[in-house]
Structures are given as structure tokens and as C-alpha cells.
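Report on the following structure.
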Amino acid sequence: MSMPLALLIALARVSPFGWLRVASKALVNVVRGMPLLMLIFWAYFVVPKLTGQVVSGFWTLIFALVVYESAYLSEVIRSGIEAVPRGQIEASRSLGVGYWTTMRKVVLPQALFNVLPSMTSQFVSTIKETSTTWC
């Protein structure tokens, strides 16, 4: 569940819209600067207040893990996007392809292929961090 959210956050981080870049950067920096256990506590106490409904501990944990993993994965994906050679983007744009189509059809396939090892490492790290959470 965190992969699509991470992809959207990464695209927002490299977006041409300044307000979107700033908002996504703030989200990522806050979440990455917070320990996972603290994020779980926040989710346990804040999500029910925001939704007005009682949320089970399982869904609170899922919410916290998705947000946490999305922040870390978005940085991995963003680095992959920035690693794609500038000439690829310029070639696509010179052919008249729009920004979002360039990102979807030219940049993202190359970026996601290049960051597969880092993403695997991040998934392993998350599994190691959550092994004590489930007990």
C-alpha cells in the first residue's frame, strides 16, 4: 500500500510546482525524523480524533507503517528520478511530449528499474524494524 503513495510523493518532490515540492518535502522530513514507535503512538491517538471513529490497533499500525514506509520509499524513488540522465528528459520534451507523460513513460521506468536494489533494502529494513512491533 505504501508504494503508490511513495510514487506520488516522489513525483511531488520533483514537481515543477513549488508549493507541491515544499509540502511533500515537509511531510517526508517530518516522518523521516520521527521514530517509528512515535509515529505509531501518534496514529493510535490522532487518527481516531480526526475520523471520529474508534480505530483498531491493527489498522492504526497499518496506517503508521504505510506512512512511514512511503516517506522512506519516496526518497529512494526521488533519487532514482534525479539519476536519470537529463538528455532523456530533454529528448522527450523536444519531441513535444508533456511533462507528466515524460515522467510516466520515459523517466519512471528507468528510475524504478535503477532503484530496485535500494527498494529491496528498504523493505528488509522495515521488516527488521517491525519485528518487535508485532509482539
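Keep in mind that what you see is a predicted model, and the values were worked out from it rather than measured.
For the pair S74 and A6, the tightest heavy-atom approach, listed with the atom from each and the gap, is CB-O, 3.4 Å. Contact record, Y68 with M34: CE1-O, 4.1 Å, taken as the closest heavy-atom pair. I81 approaches L108 most closely through the heavy-atom pair CD1-CD2, 3.8 Å. Across every non-hydrogen atom of G80 and V115, the tightest pair is CA-CG1, 3.4 Å. Here the closest heavy-atom approach between residue S15 and residue L20 is recorded as OG-CD2, 3.6 Å. Between T60 and A43, the closest heavy-atom pair is CG2-C, 3.4 Å.
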**Request:** Quick one: do L5 and V66 satisfy side chain to side chain contact (heavy atoms under 4.5 Å, CB included)? Show the steps, please.
**Result:** CA-CA 8 Å; L5 184 59; V66 166; 4.3 Å; yes
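No side-chain donor-acceptor contact under 3.5 Å links R21 to the backbone of K25. Of the possible polar contacts, none joining the S125 side chain to the S121 backbone as a donor-acceptor pair under 3.5 Å is found. Here the side chain of S79 pairs a donor or acceptor atom with the backbone of V76 at under 3.5 angstrom.
The shortest distance between side-chain heavy atoms of L65 and S2 does not fall below 4.5 Å. Residues V107 and Q88 form no side-chain contact, since every pair of their non-hydrogen atoms from C-beta on lies 4.5 Å or further apart. Contact annotation: the side chain of V97 approaches that of S92 to within less than 4.5 Å [non-hydrogen atoms, C-beta and beyond].
Separating the CG atom in L36 from the CE atom in M38 is a distance of 11.0 Å, to the nearest 0.5 Å. For the atom pair Q110 CD and K105 NZ, the distance stands at 14.5 Å (nearest 0.5 Å). The CZ atom of R93 lies 9.0 Å from the OG1 atom of T101; values are rounded to the nearest 0.5 Å. To the nearest 0.5 Å, atom CE of residue M3 and atom CG of residue L8 are 10.5 Å apart. In this structure, CG on L7 lies 9.0 Å from CE on M103, to the nearest 0.5 angstrom.
Cation-pi geometry between R32 and Y72 is met: under 6.0 angstrom from the ring centre, within 45 degrees of the axis.
Enclosure of atom CZ in F123 by more than 12 non-hydrogen atoms of other residues, nucleotides or ligands within 6.0 angstrom is indicated. In W100, the CH2 atom is crowded: over 12 heavy atoms of neighbouring residues, nucleotides or ligands sit closer than 6.0 Å. For Y99, the OH atom counts as densely surrounded, since its 6.0 Å shell holds more than 12 non-hydrogen atoms of other residues, nucleotides or ligands.
One hydrophobic cluster holds both F17 and I89 under the rule that ILVMFWY side chains link at heavy-atom gaps under 4.5 Å. By the criterion of side-chain heavy atoms lying less than 4.5 angstrom apart, applied directly or through intervening Ile, Leu, Val, Met, Phe, Trp or Tyr residues, W42 is grouped together with V47 in one hydrophobic cluster. With hydrophobic clusters built from ILVMFWY side chains whose heavy atoms lie under 4.5 angstrom apart, I77 does not share a cluster with M1. The hydrophobic cluster containing V28 also contains V30, counting ILVMFWY residues as joined when their side-chain heavy atoms lie under 4.5 angstrom apart, directly or transitively. I62 and L73 end up in different hydrophobic clusters when Ile, Leu, Val, Met, Phe, Trp and Tyr side chains are linked at under 4.5 Å.
Between E75 and R78 there is a salt bridge, since a side-chain N of the basic residue sits under 4.0 Å from a carboxylate O of the acidic one.
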